[in-house]
Amino acid sequence: MRYTYLTLAITIMIGFSASESLAFGEDKAKICAEAEARYEKLYGKQPADSGVTIVKMYKYTFCPLKVTIKQGESVRWVNVDKRNSHSVWFKQEKMEESERIFPDLGAKVEMKFDLPPGDYPYLCGPHWESDGMIGTVTVTK
Ligand SMILES: [Cu+2]
């Protein structure tokens, strides 16, 4: 009998955390779909320059959350929000935080990655603690 109660309790806990993370994932997917639409409205449909991957900053989210680039390529962060400013900060790499990027047309941060292959997590200075605004750039050979 005790075993049954314990199993039930564990099942409920697992069920709860699974639905929590699912809701979170769906939310981010929806935000990023909106960010895509915003970007297209602001900048049109033209493809990015070659060797440049674009990350949109929108509603406390980096979209896409993770990007993979080749060593020597660049990432351009564009704010497609309506009001908030954001930044790009590779804190773990002991790099300086970028300036705050406001949602002005053409405002961006662009960085070329000559770093060794690996995962480089980064933060938005004003929103990483409060809203979990965190992204990753993966550099490959
Ligand atoms: Cu931010």
Side-chain angles (χ1 to χ4, degrees), residues 2-141:
R2 284 185 78 166
Y3 174 76
T4 311
Y5 282 131
L6 188 65
T7 309
L8 188 65
I10 289 169
T11 308
I12 288 167
M13 277 168 64
I14 291 169
F16 179 71
S17 60
S19 63
E20 280 283 281
S21 61
L22 191 67
F24 180 77
E26 278 172 5
D27 204 34
K28 293 286 182 197
K30 192 171 165 249
I31 288 171
C32 284
E34 274 177 38
E36 281 306 316
R38 290 271 308 157
Y39 183 86
E40 209 176 292
K41 196 176 152 198
L42 294 167
Y43 293 95
K45 253 188 171 167
Q46 85 272 16
D49 307 332
S50 83
V52 179
T53 298
I54 294 172
V55 174
K56 291 97 188 165
M57 299 186 282
Y58 186 63
K59 290 188 175 175
Y60 310 118
T61 307
F62 291 112
C63 298
L65 222 57
K66 294 177 179 202
V67 291
T68 300
I69 60 164
K70 285 205 172 107
Q71 199 174 37
E73 289 184 345
S74 300
V75 177
R76 179 188 301 159
W77 285 268
V78 180
N79 187 347
V80 295
D81 242 320
K82 285 176 182 155
R83 276 177 294 271
N84 279 321
S85 65
H86 302 286
S87 73
V88 175
W89 188 14
F90 286 83
K91 190 169 185 269
Q92 199 174 288
E93 302 307 308
K94 305 209 168 13
M95 287 163 75
E96 246 180 76
E97 183 184 352
S98 77
E99 58 186 43
R100 301 281 158 92
I101 310 152
F102 286 83
D104 305 322
L105 203 64
K108 64 184 179 187
V109 167
E110 195 161 311
M111 285 175 58
K112 190 172 186 276
F113 286 79
D114 287 320
L115 295 162
D119 289 339
Y120 295 95
Y122 65 93
L123 317 165
C124 168
H127 305 123
W128 70 278
E129 276 183 307
S130 54
D131 302 284
M133 190 168 174
I134 296 169
T136 305
V137 175
T138 300
V139 177
T140 61
K141 269 232 178 270

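Order of listing sets the numbers, starting from 1, for every ligand and every atom in it. It should be emphasised that the depicted structure is a prediction, and the values quoted were computed from it without experimental measurement.
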Identify, by name, the N, O or S atom of His86 lying closest to the Cu ion (ligand 1).
ND1
Taking the N/O/S atoms of His127 one by one, which is nearest to the Cu ion (ligand 1)?
ND1
To check you understand the geometry: which heavy-atom pair defines the closest contact between Leu115 and Gln71, and what is its length?
O-NE2, 2.9 Å
Can a donor-acceptor pair be found, under 3.5 Å and without considering hydrogens, that links the side chain of Tyr39 to the backbone of Val55?
no
Under a 3.5 Å threshold, yes or no: a donor from one side chain and an acceptor from the other, between Glu34 and Tyr58?
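Distance-only check passes for Glu34 and Tyr58.
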Measure the SG-CG distance between Cys32 and Leu65 for me, rounded to the nearest 0.5 Å.
6.5 Å
Please work out the angle at the Cu ion (ligand 1) defined by atom SD of Met133 on one side and atom SG of Cys124 on the other, rounded to 10°.
100°
Quick check on the Cu ion (ligand 1): does Ser87 put an N/O/S atom closer than 2.8 Å to it?
no
